Amino acid sequence: MRRNEEVALLLDNIAELLMLKNENPYRIRAYTTAAQNIRALSEDIEEIARQGRLDDIPGVGKALAAKIREYLETGRLRYYEQLKQEVPIAAVDLLEVPGIGPARAHTLYVSLGITTIPELLEAAQQHKLRDLPGFGPKVEERIAREAARLAQRTRRLLLGVALPIAEEVVALLRSHPALEAIEPAGSLRRMKETIGDIDILVASRQPEAVTEAFTHLPIVREVLATGATRPSILTRDGLQVDLRIVAPDDWGSALQYFTGSKDHNIALRGLAQERGWKLSEYGLFGRDGRRLAGRTEEEIYHALGLDWIPPELRENRGEIEAAREHRLPRLVELTQIRGDLHVHTDWSDGHDPPERLVEAAISRGYQYIAFADHSQSLGVARGLSPEQVRRQHQLIEELNQRYAPFRILHGAEVNILPDGTLDYPEEVLELFDIVTASVHSAFDLPRERMTARVLRAIQHPAVDILGHPTGRLLPSRPPYEIDLEPVLKAAAEHGVAVEINGQPDRLDLDDIWSRRAIDLGAILATNSDAHSIRQLENMRYAVATARRGWVEAQHVINSKELTDVLTWLERRAPARRRRWRMEDARR
DNA sequence: GCCGTTTTCGGCCCGACTGTTTTCAGTCG
């Protein structure tokens, strides 16, 4: 599956180079479409190639199939090498500058030899751009501004940062009398792991009144734009929030349009066009220009012969086909979650004591919680010594008495040591009801050793959950080198659940791998990894990621009743866990 | 470069905005 991404990336790179050559845009799109479709495959592209079925992939015809085959067989692609000779690959960076698209980038490097953003900035400041065809003083000015801004680039926001702010704005505006509907749109509504802009959509017949209220909210630091359709503010935290105000009649088509993704919308408009119809933010229109749908999203999807598609799936990764064939997944919902299996207490690096966490979990409506404090070798997080584990075990037994029928599982987040062994001896591991095994050290092992390390841990009979399987931290730390495919297969085989860690900077597994995991038959655990009561809220981000990965409740272990979870925990170590059965019998 | 119950050639997503134009190209979302 790693090769799928490799091939997709190759095609995307070619598309960018073709842009710089100012090639036929449809030819360019053929490459990006093919890349997109390859990413959406649930099958290994090497396997598909071996069976000679490459041109069965939508968007892949004879020419692309040959290129993909060449790349898979030889590790390189002559066409791409040649293209790189013709076009300076560094110039791809220019496309990131707002105001520069394929045509201007082409002009820049052909006539001035500019390939980097610093070069661009310098040329703009020396007024070398304004006389180029398609440029002018205004464009030059804008490019100078944007290039300078890009130098100190503003990052994309984490979902966990953007969503609470958007919800605050929505809550503040919701009761305004001029407002008929309000909803976050864009990547936020799709719950992408990072968000570019915070876009909020409003339906109103009095846009001026809404704009007035919006630009005077208490959280406003600065008003960036007023105007009746698209006011924009900077919040006190320095985040930009754009409001889009549309007529109530257009609500459905506008919400659909502004939710995206771009690729999903393009595909949808393609469907409309096949029938001679037209789809835009103002509605779905027939050949005669009569409006067929637009008041609600459902109307639009149904008119196109589709089931309504949950926003999290709208990435053009097969959801449109599934909607047509009425086989969209019934995505897991936050309300179906019955417990949290990864919570830290103040015994290690959490902030709150076990009792308060239990009470918070009960008030969230959970049936169970698993404490998962760190293991002994993780000094920075005050990992628990075997002696502390024994004391914590006693405490948890007491708490179980006090809070029954709510159940506290004694767990641990046990380090997977570099050789794949676990960070406690067997007699300590036996004390736990549930063990999450995670990598917290030696992140830079070579791929094969890292994979072997994690595989060994999965095979250990004490391990129940594989914690944050790639170790990535958004946006700074990339995943460590690991081959997830065999890891997920092994997890499926041994009944080890794979975590979707809900910390906003982890979301690990991510959406794509979560989907792959359930395809391989693995079960998942959506966990908060909370280090405080407040962070129990991270569960929603774990669930959101699962939903983006087409995950249903049946795939999520902590959506199951306590008794089912206990049965699952017995699968490998019946003796160790038999006492649960005995206690249950006594209750 | 892909694709086909109107097509193997001629299409390929839509609308708004901006600035550079004197009728429209380029960019964006």
Side-chain angles (χ1 to χ4, degrees), chain A residues 11-12 14-15 17-38 54-68 79-80 83 94-108 129-143 145-146 185-190 195-199 201 225 227-230 232 240 242 244 246 250 253-285 287 289 294 300 304 314 316 320:
Chain A
L11 298 180
D12 277 336
I14 292 174
L17 291 176
L18 292 175
M19 273 193 213
L20 292 171
K21 283 185 74 179
N22 220 7
E23 262 278 3
N24 174 1
Y26 297 111
R27 186 160 175 239
I28 296 169
R29 188 191 300 160
Y31 280 87
T32 54
T33 304
Q36 181 88 22
N37 290 335
I38 286 166
L54 279 175
D55 47 14
D56 286 357
I57 302 171
V60 176
K62 266 201 161 78
L64 281 183
K67 289 192 172 79
I68 294 169
Y79 175 68
Y80 181 51
L83 214 50
L94 299 180
L95 295 170
E96 284 182 36
V97 180
I100 296 185
R104 287 182 185 145
H106 181 74
T107 306
L108 283 170
L129 307 188
R130 54 180 61 194
D131 297 326
L132 296 173
F135 290 73
K138 287 271 182 61
V139 169
E140 181 181 78
E141 202 180 300
R142 174 166 186 221
I143 286 176
R145 204 170 53 236
E146 296 288 2
S187 51
L188 196 55
R189 183 160 179 249
R190 303 199 312 278
I195 309 297
D197 301 310
I198 299 178
D199 284 320
L201 189 70
T229 59
R230 206 185 159 179
S232 177
Q240 184 174 335
D242 297 339
R244 292 164 189 273
V246 302
D250 298 342
S253 45
L255 184 61
Q256 196 290 314
Y257 175 82
F258 287 115
T259 297
S261 65
K262 192 176 165 212
D263 291 318
H264 176 87
N265 285 357
I266 288 173
L268 224 52
R269 287 197 287 268
L271 272 191
Q273 191 210 319
E274 279 174 19
R275 300 163 197 226
W277 300 348
K278 224 167 51 172
L279 177 62
S280 75
E281 59 264 50
Y282 302 109
L284 179 64
F285 299 91
R287 285 173 196 278
I300 293 171
L304 291 170
R314 299 184 195 171
N316 198 23
I320 291 173

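It should be emphasised that the depicted structure is a prediction, and the values quoted were computed from it without experimental measurement. Residue numbering restarts at 1 for every chain, and letters A, B, ... go by the order of the sequence lines.
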What integer number of Å spans the [atom1] atoms of [N] and [M]?
N	M	atom1	result
B/dC28	B/dT23	P	25 Å
B/dC13	B/dC17	P	22 Å
B/dG11	B/dT6	C1'	13 Å

Side chains of residues 278-285 of chain A: which donor-acceptor pairs under 3.5 Å do they make with residues two or more places apart or in other chains?
from, atom 1, to, atom 2, distance (Å)
A/Ser280, OG, A/Tyr282, N, 3.1

_Please list, in numerical order, the residues of residues 26-34 of chain A that have a heavy atom closer than 4.0 Å to any atom of DNA chain B._
A/Tyr26, A/Arg27, A/Arg29, A/Ala30, A/Tyr31
*Is any side-chain N or O of A/Asn265 under 3.5 Å from a base N or O of B/dG29, one able to act as donor and the other as acceptor?*
no
*Does any N or O in the side chain of A/Ser187 come within less than 3.5 Å of the main-chain N or O of A/Arg190, such that one atom is a donor and the other an acceptor?*
no
If you compare every side-chain N and O of [X] against the phosphate oxygens of [N] (OP1, OP2), does one of them come in below 4.0 Å?
X	N	answer
A/Lys278	B/dG15	yes
A/Lys262	B/dC28	no
A/Tyr257	B/dG15	no

*Let me know the distance between CD of A/Glu274 and P of B/dC2, rounded to the nearest Å.*
18 Å
*Taking the side chain of A/Val139 as its heavy atoms from C-beta onward, which of B/dT20, B/dT27, B/dG29 lies nearest to it?*
B/dT20
*Is A/Lys62 salt-bridged to A/Asp55, cutoff N-O under 4.0 Å?*
no
*For A/His106, what residues pass the side-chain contact (heavy atoms from CB on, under 4.5 Å) criterion, not counting sequence neighbours?*
A/Asn22, A/Tyr109, A/Val110
*Which label fits B/dT21, syn or anti, where anti is any glycosidic angle not within 90° of 0?*
anti
